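I have placed the structure first, in the form of structure tokens, so that the comments after it can refer back to it.
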Amino acid sequence: MKKIFLIAATIIFSLQLQAQNNYWVMLTDKAGTTFDPYAYFDAKAIERYQLNKADLYDISNYPLNESYVSQIDAIVTDDFGQSRWFNAVAVTATPEQIAAIKQLPFVKEVVMLESNMHLAKAEDSEPIDLTGLFSEGAPADQLIRMGRDNFRNAGINGKGVRIAVFDGGFPQVNTHKAFKHLRDEGRIIKTWNFPNKKEDVYGWNSHGLMTLSCIAGIHRYEGTDGEVRVDIGMATGAEFLLARTEIEAEPFKEEVWWQMAVEWADKNGAQIISSSLGYGKDRYYTKDMNGQSYVAKAGNMAARKGILVCNSAGNEGTDNSWLTIITPSDADSVLCVGGISNSLTEYEHISFSSYGPSADGRQKPNVVAFGHAYTANTGASNDKYHFVDGTSFSCPLVAGFAACALQAKPGLTAMQLFHEIEKSADLYPYCDYTFGYGVPQADYFTGDRKKVEPTFKFVKEGDNLRLVPLKNYDQCRIFIKSSAPDGTIHNYTKLEPKSFTTEMAFEIVSGEIITANLDGYTESYTLNNGDYMNVLSIGMDVNNYDEDDCVHFSNKLDEKKTKLEYYYMLGVPVNISSDELEHNFWSPAMRIGIRKTLYFTKAYGWGLALEYGHTSLRFGSEANRLDSLAAMDDDVRWLDKKVAKHKLNLGEVGVELYQRVRLRPGGIFHKGWHWDIGIYGNWSYNIYELEGQHNGDIATSRKQIVNNFEILDDYRWNWGLTTRISRDFIGLYARYRLNDINKDVPAGQFILPQLEVGLQLSF
């Protein structure tokens with residue numbers, strides 16, 4: 001049996017080494033390929049290329065060399081995608097297959113896929129009836145906040161603009177009443193399901209139904225004077241490309257499908273991409289959010305080809321271990337959209353919305369919109385709606401706004417549109433890492449914006465700086481930040497003083513630029529060389545303030561690659577051989593310890609554990625107790641009646657070295673599914689305990705037995721294999737002792753069990 005288990009353990013290690021993974025195989029060239037852009041691209045794509053002065057004949061648009069692809073396909077397990085832009089093939093392969101691929105002369109590089117795309121959704125509520133929530137004919141508040149009436153009054157609804165929407169599925173978009181106008185007018189131009197390689201996208205995750213409704217949905221109901229229309233998306237006149245790129249059961253392929261969808265959108269004439277998807281803490285570290293992921297590079301390339309990519313900032317705002325946005329929002333040419341609460345008057349960050357900046361210090365998010373939105377919802381009646389939370393919905397709200405902005409100014413290139421949307425926002429030119437430049441406003445594009453008059457001024461008073469309001473305010477909202485000359489923000493905050501007699505101060509440092517926004521007006525004060533400022537005060541005596549009233553804010557990007565966890569394991573020894581000790585089923589084995597894992601990627605790491613363990617080996621049958629053991633200990637002779645308790649207490653102090661493979665993210669503690677496999681070594685001490693009756697009284701014999709009995713020769717030190725599979729904080733474990741601690745056991749005596757299995761809790 002021992003040999004069988006050793007073989008099984010060897011197989012487990014071998015399987016891990018031979019496990020198939022997903023890779024990008026980067027090719028050296030596109031030798032011998034030809035390309036006709038006018039046969040390949042949709043007419044709308046040709047028009048977009050020309051407007052943006054992009055090169056139709058750029059080598060990135062050429063197809064892959066089919067001979068190269070065929071040779072790769074002959075080696076790998078699966079070819080599940082290709083990228084013209086990266087000149088790459090996405091494959092599933094074993095290490096041996098990858099080694100063979102690397103020998104091919106046309107292979108430039110092989111890169112393992114370590115990303116896990118996920119929907120940037122927080123949570124949703126029960127379906128509700130929106131009837132009566134809005135004034136008849138008025139749009140939803142999420143559009144009012146962006147000034148939708150300015151677009152409507154100008155006859156702007158995104159007409160003629162083509163938007164590609166990437167999501168996990170679009171169930172009932174082909175039947176739901178919110179999209180009847182799209183179907184009736186043939187404005188769903190193309191669809192493609194990348195995981196399933198077919199056109200049908202009308203199923204799977206309802207997330208896509210909801211995001212699409214934030215762009216173009218219309219809720220109609222019968223009012224007092226007939227049908228009432230409530231717009232829940234701003235671009236009700238736009239046309240659409242729908243791409244399914246996300247699937248729960250494929251944790252390493254969504255990056256490829258997203259990349260393929262961008263190229264598909266490019267080919268089919270998309271001018272805007274709305275992507276409520278992203279990669280974040282489940283597979284990356286904060287330092288990686290620097291615009292260098294493959295999807296970030298794809299987003300930047302799309303911008304160069306004339307496509308505005310709008311992407312959710314992410315929903316990690318409440319996670320102190322992840323203090324930045326997600327990719328591809330970290331790309332410099334991708335419009336990153338954060339979330340605010342659903343208020344027409346307040347300006348509050350919605351808790352889950354991720355904060356900027358990017359890991360390399362660039363301004364993110366770029367703009368914000370409602371993170372609590374009204375959307376269409378699936379239901380038997382095809383006319384259901386609900387409230388839903390997430391930057392998944394602030395993103396398409398802005399994508400719909402962008403379509404209207406492009407209709408208003410049709411000559412804008414993608415990057416001009418990007419910056420014009422920033423300039424339209426209600427905080428511009430002020431920006432920070434919570435709100436970006438604020439909420440985009442339609443009046444900027446329709447020419448209805450009123451000139452903003454100064455509302456305050458900066459006054460230097462000695463070693464201090466004072467913000468002096470130019471009119472009386474009973475209550476107001478002030479945004480303040482200090483930044484370096486290169487734009488990097490060091491500190492920022494939002495203040496809402498009830499009056500300017502309230503003591504409030506903001507600590508500043510010499511050499512910085514102080515910028516504030518009050519009532520829509522922004523002004524900056526640059527500290528010259530030699531200036532030294534102690535404090536910035538808000539309408540108060542700068543020489544008379546309490547340091548406790550100072551407002552401090554610091555935003556740091558610092559995520560450790562090491563994870564510490566405490567654990568408790570409860571199990572039982574299991575016999576795998578007839579030669580092993582017959583013991584009670586309830587012979588509990590308990591272990592407590594601490595582990596520290598060093599992650600090389602979010603999917604793989606090595607760890608070290610220190611633990612204490614105790615096993616109470618309770619012997620089985622009476623014959624096993626007396627016949628086999630009586631000869632081992634003279635103390636047995638004074639027992640004249642039945643033995644009541646007979647057990648061997650084994651205490652162990654040990655270490656474990658293991659490798660961890662992260663199978664899936666998620667869970668209460670965000671640890672997801674893990675598989676650990678490793679080796680352990682223990683130092684042991686042992687107590688042999690008999691309890692019975694002598695002259696009618698209960699008596700106990702306890703003896704420490706280290707190297708006293710032949711049965712325990714070599715047991716002071718032992719070692720073996722260990723493995724665990726866990727979901728979040730709960731899991732199953734198994735340990736198998738490899739060294740032979742029973743080699744000198746005389747015939748007829750027992751040997752100790754080698755296998756232990758049980759339950760693990762970790763925190």
Side-chain angles (χ1 to χ4, degrees), residues 21-28 58-60 81 83-90 108-118 120 166 245 251-263 266 273 275 277-305 307-314 316 321-337 354-366 414-415 418 433 486-488 555-561 599-605 665:
N21 289 304
N22 299 306
Y23 303 85
W24 275 121
V25 179
M26 306 295 183
L27 307 179
T28 56
D58 187 86
I59 190 63
S60 63
S83 169
R84 291 188 177 208
W85 291 3
F86 288 157
N87 193 22
V89 183
K108 178 181 179 181
E109 184 183 12
V110 177
V111 180
M112 182 182 290
L113 295 174
E114 298 174 351
S115 301
N116 182 31
M117 181 69 79
H118 62 88
F166 299 172
T245 62
F252 299 104
K253 295 183 178 180
E254 290 92 338
E255 179 181 20
V256 174
W257 294 329
W258 197 94
Q259 166 68 32
M260 294 172 67
V262 173
E263 296 182 27
D266 172 45
I273 290 173
S275 168
L277 308 166
Y279 304 76
K281 63 186 178 183
D282 292 329
R283 293 286 167 180
Y284 284 103
Y285 298 103
T286 53
K287 69 177 182 62
D288 299 320
M289 300 296 99
N290 58 2
Q292 296 304 305
S293 73
Y294 283 103
V295 290
K297 292 177 180 178
N300 282 339
M301 187 173 288
R304 291 197 296 272
K305 295 175 183 291
I307 305 174
L308 175 69
V309 181
C310 300
N311 208 92
S312 301
E316 284 70 42
S321 68
W322 184 264
L323 296 175
T324 186
I325 39 81
I326 58 178
T327 193
S329 284
D330 60 330
D332 57 11
S333 299
V334 170
L335 192 72
C336 173
V337 185
S354 294
Y355 295 93
S358 63
D360 53 346
R362 286 175 290 105
Q363 173 59 50
K364 296 290 177 177
N366 301 100
M415 290 312 298
F418 180 107
Y433 298 146
D486 65 359
T488 302
N555 192 59
K556 299 179 180 179
L557 289 175
D558 181 20
E559 185 185 23
K560 298 179 179 178
K561 287 187 176 181
Y599 284 95
F600 302 104
T601 72
K602 281 293 184 77
Y604 182 77

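Model, not experiment: these values are computed from the prediction.
- Contact record, Cys336 with Ile325: SG-CG2, 3.8 Å, taken as the closest heavy-atom pair.
- Nearest heavy-atom pair across Lys364 and Val334 is NZ-O, 2.7 Å.
- With hydrogens and angles ignored, the 3.5 Å screen pairs a side-chain donor or acceptor of Gln363 with a backbone N or O of Pro365.
- Remark: side-chain polar atoms of Tyr279 are paired, donor with acceptor, to backbone N or O of Glu255 under 3.5 angstrom.
- Residues passing the side chain to side chain contact (heavy atoms under 4.5 Å, CB included) test with Met260, sequence neighbours excluded: Phe194, Val256, Trp257.
- Shown here for Glu263 and Trp85, the closest heavy-atom pair between the two residues is OE2-N, 3.3 Å.
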Practice task
Test Trp322 against Met289 for side-chain contact (heavy atoms from CB on, under 4.5 Å), laying out the working first.
Solution key: CA-CA 11 Å; Trp322 184 264; Met289 300 296 99; 3.6 Å; yes
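- Side-chain atoms of Asn290 do not come within 3.5 Å of backbone N or O of Ala359 as any donor-acceptor pair.
- Ser60 meets the side chain to side chain donor-acceptor pair (under 3.5 Å) test with Asp58, Lys305; sequence neighbours excluded.
- Asn311 and Ser329 share a side-chain donor-acceptor pair at under 3.5 Å.
- Atom CG of residue Asn300 and atom CE of residue Met415 lie 8.0 Å apart, to the nearest 0.5 angstrom.
- Partners of Phe86 by ring-ring contact (aromatic ring centres under 6.0 Å, His included), not counting sequence neighbours, listed by chain and number: Tyr294.
- Closest of all the heavy-atom pairs between Met112 and Asn21 is CE-ND2, 3.7 Å.
- Of the possible polar contacts, one joining the Thr324 side chain to the Pro357 backbone as a donor-acceptor pair under 3.5 Å is found.
- Atom OG1 of Thr488 is separated from atom OH of Tyr433 by 5.5 Å, given to the nearest 0.5 angstrom.
- Residues Ala298 and Gln259 share a closest heavy-atom pair of CB-OE1, 2.7 Å.
- Put simply, CG on Leu27 and OG on Ser83 are 10.0 Å apart, with the number rounded to the nearest 0.5 Å.
- To the nearest 0.5 Å, atom OH of residue Tyr284 and atom OG of residue Ser293 are 5.0 Å apart.
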Exercise for the section: Show the numbers, then the answer: is there a side-chain contact (heavy atoms from CB on, under 4.5 Å) between Arg362 and Asp332? Expected result: CA-CA 8 Å; Arg362 286 175 290 105; Asp332 57 11; 3.6 Å; yes
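- Listed for the Asp288 side chain is a donor-acceptor partner under 3.5 Å among the backbone atoms of Tyr285.
- With hydrogens and angles ignored, the 3.5 Å screen pairs no side-chain donor or acceptor of Asp330 with any backbone N or O of Ser358.
- Taking CH2 of Trp258 as the reference point, atom OG1 of Thr245 lies at 9.0 Å (rounded to 0.5 Å).
- Taking both residues in full, the closest heavy atoms of Ile326 and Ser312 are given as CG1-O, 3.7 Å, listed atom of the first, atom of the second, then distance.
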